[in-house]
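Step one of this worksheet: look at the structure below.
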Amino acid sequence: MPSIADEFDYKLDHVKTTSVSSGDIDKTFRSSCIDLVSAALGGKVLAFSDQWFAEAANLLTPTAPIHQPGKMVFTGAWFDGWETRRHNAAFDWVVIRLGVASGTVEGIEVDTAYFTGNYAPAISVEGCFSTNDDEVVSWQGGRGKWETILGVEECGPSQRFGWKLDAPPAGKQYTHVRLNMYPDGGIARFRLFGHAVPVFPNDRDAVFDLAAAQNGGVAVSCSDQHFGTKDNLLLPGRGKDMGDGWETKRTRGKGHVDWAIIKLGAPGYVHKFVADTAHYRGNFPQKVAIQALSWDGKQGEPDDKDPAWQEVVAPTKMGPDAEHELACAADKTAFTHVKLIMIPDGGVKRLRAFGRRAV
């Protein structure tokens, strides 16, 4: 059966994918990838065909879409997403620069939350590698150097849609992506799941944040993230409020701890950590401790009870709304993963692991 996109002259290559159900998107991608276009990471909309009803920049908001029934603005009903005019004779598009130097892609999510009679019927995604934003924007609706990442896929009303690339090109890096919408309508959120390809310092003795998402760090697992996701620990800056850190639910039992495991962007010798409790004033942890290990490449990632974990920061008292510098007790050992432990629970805004690359 022909799709809606077949009505348009702009054709893309077919890409083999596996559809990921709404309930499986986070567990499929969030333990091994980051959202390369998240505004919190530095992703930025550079150009768009139209944004009459709602701004394209909303696509990159890291939090889930919200709904305010009955709220009206100059253009009509308010929507938390990107929405264009009706009756497009071609198709709508938005050009986005990744929030990292470049990245490889493993999957895509398009969320049409709260768009019911005005959702995007179909989408596609293209990518390119360029050091020149102006060059990328100048291609406008033409093909230019865009390469297909995700072929035309149909969407539906108010739902999360996910696709995992069956065979992503090995080592294929992108700096920019273009989300195409056929022919028009609304999309609440766009996620591009993959891995940062950082530009490491040429000086092998240079000290930098080995855990930063922009340097390839990934938060792979945690005990709980009721109020704030573990992924926030590795974002740049100190955040804007309590909503963009890692925060767990309150506990009442004795001996409880919460933990988050971070895979470093490269194996390295960590000199010091910084545990930042910015904005956490009544809900910071009483103490934090840090463990580390060198994972030997076994299948999957280490769990919190792996016997190879060793303590590199003993339990240390925390305070509100402050950066706490913590010396690493094993700075001559190369580690691949670190585990941040909150005693007993609470919120930490960022975790930094300053050190040198081992390889």
Side-chain angles (χ1 to χ4, degrees), residues 31-34 36 40-42 99-104 195-222 230-239 245-246 258-278 285 287-298 301-304 306-319 322-343 348-359:
S31 63
S32 60
C33 301
I34 62 172
L36 295 166
L41 191 62
V100 295
S102 67
T104 59
H195 302 278
V197 181
V199 179
F200 291 126
N202 291 327
D203 181 1
R204 296 298 293 273
D205 291 325
V207 174
F208 63 98
D209 183 4
L210 293 160
Q214 290 168 314
N215 291 328
V218 179
V220 298
S221 60
C222 67
K230 67 189 186 312
D231 307 304
N232 291 334
L233 286 168
L234 312 184
L235 294 176
R238 300 188 67 201
W246 173 48
D258 279 313
W259 51 265
I261 295 174
I262 291 95
K263 180 180 181 180
L264 302 178
Y269 304 99
V270 180
H271 301 309
K272 72 173 181 180
F273 299 92
V274 175
D276 189 358
T277 57
K287 297 179 179 180
V288 304
I290 299 176
Q291 298 176 355
L293 59 67
S294 182
W295 191 238
D296 62 6
K298 292 182 287 189
E301 301 288 351
D303 63 33
D304 68 302
D306 195 287
W309 289 112
Q310 66 180 88
E311 185 176 84
V312 295
V313 175
T316 303
K317 187 176 180 180
M318 293 286 105
E323 292 181 297
H324 303 79
E325 291 195 7
L326 309 166
C328 180
D331 61 358
K332 301 294 191 296
T333 303
F335 296 115
T336 60
H337 295 70
V338 298
K339 179 170 63 170
L340 173 64
I341 302 168
M342 293 196 294
I343 306 170
V348 173
K349 179 55 68 73
R350 303 287 186 261
L351 179 68
R352 310 298 186 202
F354 292 104
R356 299 177 292 112
R357 273 196 303 150
V359 295

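Here, residue 1 is the first one in the sequence, and each next residue gets the next number.
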Using side-chain heavy atoms (C-beta onward) and a distance below 4.5 Å, is [X] in contact with [Y]?
X      : Y      : result
Val338 : Phe273 : yes
Val312 : Val270 : no
Pro267 : Thr336 : yes
Val348 : Pro285 : yes
Leu41  : Pro236 : yes
Glu323 : Arg238 : yes
Leu351 : Ile290 : yes
Gln291 : Trp259 : no

Donor-acceptor pair, side chain of [X] and main chain of [Y], under 3.5 angstrom:
X      : Y      : result
Gln214 : Ala196 : no
His271 : Phe354 : no
His195 : Gly216 : no

- Going through the distances and angles, do Val197 and Val100 end up as a side chain to side chain contact (heavy atoms under 4.5 Å, CB included)? CA-CA 8 Å; Val197 181; Val100 295; over 6 Å; no
- Query: When you look at Thr316 and Lys287, which way does the side chain to side chain contact (heavy atoms under 4.5 Å, CB included) test go after all the steps?
  - Reply: CA-CA 5 Å; Thr316 303; Lys287 297 179 179 180; 5.9 Å; no
- Message: Is it the case that over 12 heavy atoms from other parts of the model lie below 6.0 angstrom from the CD atom of Glu311?
- Response: yes
- Task: Would you verify whether the NZ or CZ of Lys339 falls within 45 degrees of the ring axis of Trp309 while also being under 6.0 Å from that six-membered ring's centre?
- Result: yes
- Test Arg350 against every option in Leu235, Asp209, Thr277 by the side chain to side chain contact (heavy atoms under 4.5 Å, CB included) rule and name the one that passes. Leu235
